[in-house]
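Residues: numbered from 1 along the sequence shown. Whatever order the structure lists ligands and atoms in, that order sets their numbers, starting from 1.
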Amino acid sequence: MPDPAVVTRFAPSPTGHLHKGHAYAALKAYHFAKEQGGKFLLRIEDIDFNRCSSDNTHQILEDLAWLGLEWEEPVRIQSEHLQEYAQVAGQLEEQGVLYPCFCTRKDILREIEEAGRAPHGSEGPLYPGTCRRISEDERISKIGAGDSYSLRLNLEKAIASVGVNSSGPDLTWTDTVQGTQQAKPEKLGDVVLVRKDIGTSYHLAVVIDDGIQEVTDVVRGVDLFDSTHIHCVIQALLGLPTPRYHHHELLTDAGGRRLAKRDQAITLKSLRDSGTSVQELKKELGYLE
Ligand code: GLU
């Protein structure tokens with residue numbers, strides 16, 4: 001039965017032009033909302049100002065309009081909400097579930113090498129917890145000396161604080177493709193929630209925005225499946241509802257490789273410029289009305 005309360009979103013990062021894989025993902029989220037009589041939102045995830053540009057954002061809007069998508073206004077532009085992310089990070093700090101991390105990438109790699117073994121998560125080796133273990137005095141002296149730091153989630157404290165333990169309630173989330181999932185946030189470990197350079201992070205901003213925008217159904221690629229294990233912990237910490245998730249397969253090229261932004265030949269703009277019609281593209285993607 002249709003559910004007009006459904007709200008989906010497409011949330012591209014303007015680090016380049018959209019390609020067929022993005023068109024597929026956007027169409028999936030759009031059609032899911034439309035089939036339910038619900039709302040489709042567009043969000044521009046441009047917090048990483050080193051990699052994003054407003055030219056790419058304009059191109060994204062043009063490409064999605066070419067695809068025939070219509071979205072609710074205003075479009076949420078993450079870079080316009082940095083204050084909100086900082087405020088929520090402050091709230092999490094007060095909850096005692098964040099800690100400053102002074103490590104550089106090099107420090108982390110060295111530490112892992114020295115330890116001779118490193119638990120691996122889906123995003124590579126997990127943070128070995130170096131700064132979680134430093135004394136309060138050292139922490140204060142480093143901050144006093146002006147050392148720059150990110151803020152990491154203390155997963156152990158976070159889990160204890162949301163009351164999930166062997167005797168407590170389970171933290172679960174629903175994936176409509178793979179079924180009910182028991183949260184396994186240890187797959188990502190003590191993730192960075194506030195980056196040194198941009199003052200927030202993907203994990204923090206995405207959870208806050210899905211909450212603020214009252215997204216009921218997150219339709220996104222299966223490459224983000226493991227992130228959801230952390231997102232539901234952050235949602236629990238912030239008292240936000242966990243949406244339903246639909247992690248769909250990713251489009252691959254003829255050689256079975258995942259489509260990537262670096263492959264200029266398949267951008268929507270280049271397809272359009274070389275005369276491909278939107279009908280042809282939608283047909284190829286299985287979305288011809
Ligand atoms: N901005 C992310 C990306 O472009 C997607 C985030 C999400 O759907 O949660 O990969």
Side-chain angles (χ1 to χ4, degrees), residues 6-33 39-54 56-61 63-64 67 69 71 75-82 85 122-123 173-177 181 183 185 187-188 191-193 195 198 200-235 238 240-252 258-263 266-268:
V6 157
V7 180
T8 70
R9 53 35 167 213
F10 178 56
S13 299
T15 53
H17 290 180
L18 299 185
H19 54 61
K20 276 187 201 175
H22 295 111
Y24 179 68
L27 285 162
K28 263 203 180 297
Y30 182 76
H31 280 271
F32 183 79
K39 285 187 187 158
F40 172 72
L41 312 179
L42 174 62
R43 183 163 79 225
I44 301 294
E45 302 207 324
D46 61 344
I47 46 173
D48 191 345
F49 50 80
N50 298 310
R51 298 173 58 225
C52 297
S53 78
S54 55
N56 286 335
T57 297
H58 288 131
Q59 189 61 52
I60 287 174
L61 299 179
D63 289 345
L64 295 177
L67 274 179
L69 306 194
W71 50 86
V75 172
R76 187 166 169 96
I77 312 277
Q78 286 192 327
S79 60
E80 294 172 1
H81 299 276
L82 298 178
Y85 307 137
S122 48
E123 292 179 353
W173 54 278
T174 302
D175 184 75
T176 53
V177 182
Q181 302 292 314
K187 278 178 168 245
L188 276 80
V191 289
V192 170
L193 290 195
R195 275 170 49 172
I198 59 176
T200 181
S201 68
Y202 160 66
H203 294 305
L204 184 62
V206 83
V207 165
I208 295 173
D209 285 354
D210 284 337
I212 287 178
Q213 297 193 286
E214 299 182 350
V215 171
T216 61
D217 291 80
V218 173
V219 182
R220 65 183 178 194
V222 73
D223 51 330
L224 289 168
F225 187 90
D226 281 352
S227 294
T228 308
H229 288 299
I230 277 286
H231 294 176
C232 68
V233 174
I234 306 171
Q235 283 150 359
L238 297 175
L240 294 169
T242 296
R244 270 184 302 261
Y245 288 86
H246 311 248
H247 290 100
H248 57 76
E249 74 286 15
L250 302 175
L251 281 197
T252 51
R258 225 171 94 180
L259 302 185
K261 277 183 182 163
R262 61 180 179 276
D263 192 354
I266 47 149
T267 66
L268 300 186

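Across R244, R9, R76, a single residue satisfies salt bridge (Lys or Arg N to Asp or Glu O under 4.0 Å) together with D210, and that is R9. Only one option out of V233, L240, I212, T242 pairs with V207 in a side chain to side chain contact (heavy atoms under 4.5 Å, CB included); it is L240.
A salt bridge between R258 and D223 is present, with a side-chain N of the basic residue lying under 4.0 Å from a carboxylate O of the acidic one.
More than 12 heavy atoms of other residues, nucleotides or ligands shown are found within 6.0 angstrom of NZ on K28.
Residue E45 approaches ligand 1 through these ligand atoms, each under 4.0 Å from one of its heavy atoms: 1 (N), 2 (C), 5 (C), 6 (C). Of all the atoms in ligand 1, the ones that sit under 4.0 Å from a non-hydrogen atom of V206 are 9 (O). Within ligand 1, the atoms closer than 4.0 Å to a non-hydrogen atom of S13 are 1 (N), 2 (C), 3 (C), 4 (O), numbered from 1 in the order shown.
Remark: the backbone N or O of P14 is not paired with any side-chain donor or acceptor of D46 at under 3.5 angstrom.
At a 4.0 Å cut-off, at least one heavy atom of R9 sits close enough to ligand 1 to count as contact. In this structure, F10 does not count as a contact residue of ligand 1, since none of its heavy atoms falls inside 4.0 Å of the ligand.
If you check which protein heavy atom lies closest to atom 9 (O) of ligand 1, you get R220 NH1, 2.7 Å. Looking only at heavy atoms of the protein, atom 5 (C) of ligand 1 is closest to A11 O, 3.3 Å. Looking at atom 10 (O) of ligand 1, its nearest protein heavy atom turns out to be L224 CD1, 4.4 Å.
At a heavy-atom distance under 4.0 Å, no atom of V218 approaches ligand 1.
How far OH of Y24 is from CG of L259: 11.5 Å, rounded to the nearest 0.5 Å.
Classification of the Y245-H247 ring pair by plane angle, with boundaries at 30° and 60°, yields parallel.
Remark: ligand 1 and P12 share no N or O pair separated by less than 3.5 Å (distance only, no angle test).
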